Amino acid sequence: MDEELHERIRDAVTTIPPGTVATYGDIAALAGASTPRLIGRVLSEDGADIPWHRVLRANGTPAPHLVHRQLELLRGEGVLADGQRIDLRTYRWRPE
DNA sequence: GATCTGACTTCGA
DNA sequence: ATCGAAGCCAGAT
């Protein structure tokens, strides 16, 4: 069922605690997605009711068009970005 | 149906 | 550090 994967991705993103961030690859692996691309696609479709701003790219930088928005939202949660890149080793969410 | 596009990642040069 | 190519999924044209 594709819908299950869809919801699983949303669930994984929603599971990210505040003040923490995760990469697309992490969400993909966590949700069982075969490719991180699905994460971005799902967020663009249903990323309205979930903390999509806690999802960053592999190098710690948000998407090009959302970079400004991301940094602002994250800043409000206590996640300070070093200029344009976020310290993944500091803020990266790790599932227990 | 085929083609393009898009919140991506990873490797090699 | 920068660039290009390949792999991958779903929706839109």
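Heavy atoms only: backbone and side chains are in, while hydrogens, waters and symmetry mates are out. To find a chain, count down the sequence lines: A is the first, B the second, and so on, and within it residues start at 1. None of these values were measured; they are calculated from a predicted model.
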Please write out each protein N/O paired with an N/O of nucleotides 10-13 of chain B under 3.5 Å, distance rounded to 0.1 Å.
none

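- Between D46(A) and H6(A), some side-chain heavy-atom pair lies under the 4.5 Å cut-off.
- Taken residue by residue, residues 10-37 of chain A places heavy atoms nearer than 4.0 Å to DNA chain B at Y24(A), P36(A), R37(A).
- In this structure the side chain of L73(A) reaches within 4.5 angstrom of the side chain of W52(A), judged on heavy atoms.
- Straight-line distance from the CG atom of L73(A) to the C1' atom of dA7(B): 14 Å, rounded to whole Å.
- The distance from atom CG of D49(A) to atom P of dA7(B) is 20 Å, rounded to the nearest whole Å.
- Put simply, the residue from I9(A), L43(A), I16(A) that forms a side chain to side chain contact (heavy atoms under 4.5 Å, CB included) with I50(A) is L43(A).
- One can place CG of N59(A) at 11 Å from P of dT2(C), the figure rounded to the nearest angstrom.
- The salt bridge (Lys or Arg N to Asp or Glu O under 4.0 Å) search around D87(A) returns none, not counting sequence neighbours.
- Remark: R85(A) engages T61(A) in a side chain to side chain contact (heavy atoms under 4.5 Å, CB included) (not counting sequence neighbours).
- For residues 71-83 of chain A, the side-chain hydrogen bond (donor to acceptor under 3.5 Å, both in side chains) pairs, not counting sequence neighbours, are H53(A)-E77(A), R54(A)-E77(A).
- Between the C1' atom of dC8(C) and the CD1 atom of I9(A) lies a distance of 12 Å, rounded to the nearest Å.
- Under the 4.5 Å side-chain criterion, counting only non-hydrogen atoms from C-beta, L56(A) is not in contact with Y24(A).
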Return the polar atom pairs (N/O with N/O) between nucleotides 11-13 of chain C and the protein under 3.5 Å, or none.
none

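- Summarising the local packing, CG of D49(A) is surrounded by 12 or fewer heavy atoms from other residues, nucleotides or ligands at distances under 6.0 Å.
- Under a 3.5 Å cut-off, the side chain of T20(A) and the backbone N or O of P18(A) do form a donor-acceptor pair.
- Here dA7(B) presents its P atom at 18 Å from CG of L74(A), a figure rounded to the nearest Å.
- One can place NE2 of H65(A) at 10 Å from P of dG6(B), the figure rounded to the nearest angstrom.
- Residues P36(A) and A28(A) approach most closely at CA-CB, 3.9 Å, considering heavy atoms.
- Within the 3.5 Å criterion, the main-chain N or O of D11(A) finds a donor-acceptor partner in the side chain of T15(A).
- Note: CD1 (I39(A)) to P (dA10(C)) measures 12 Å, nearest angstrom.
- Here the C1' atom of nucleotide dA10(C) and the CG atom of L38(A) are 8 Å apart, to the nearest Å.
- Nucleotides dG1(B) and dC8(C), compared at atom P, are 22 Å apart to the nearest Å.
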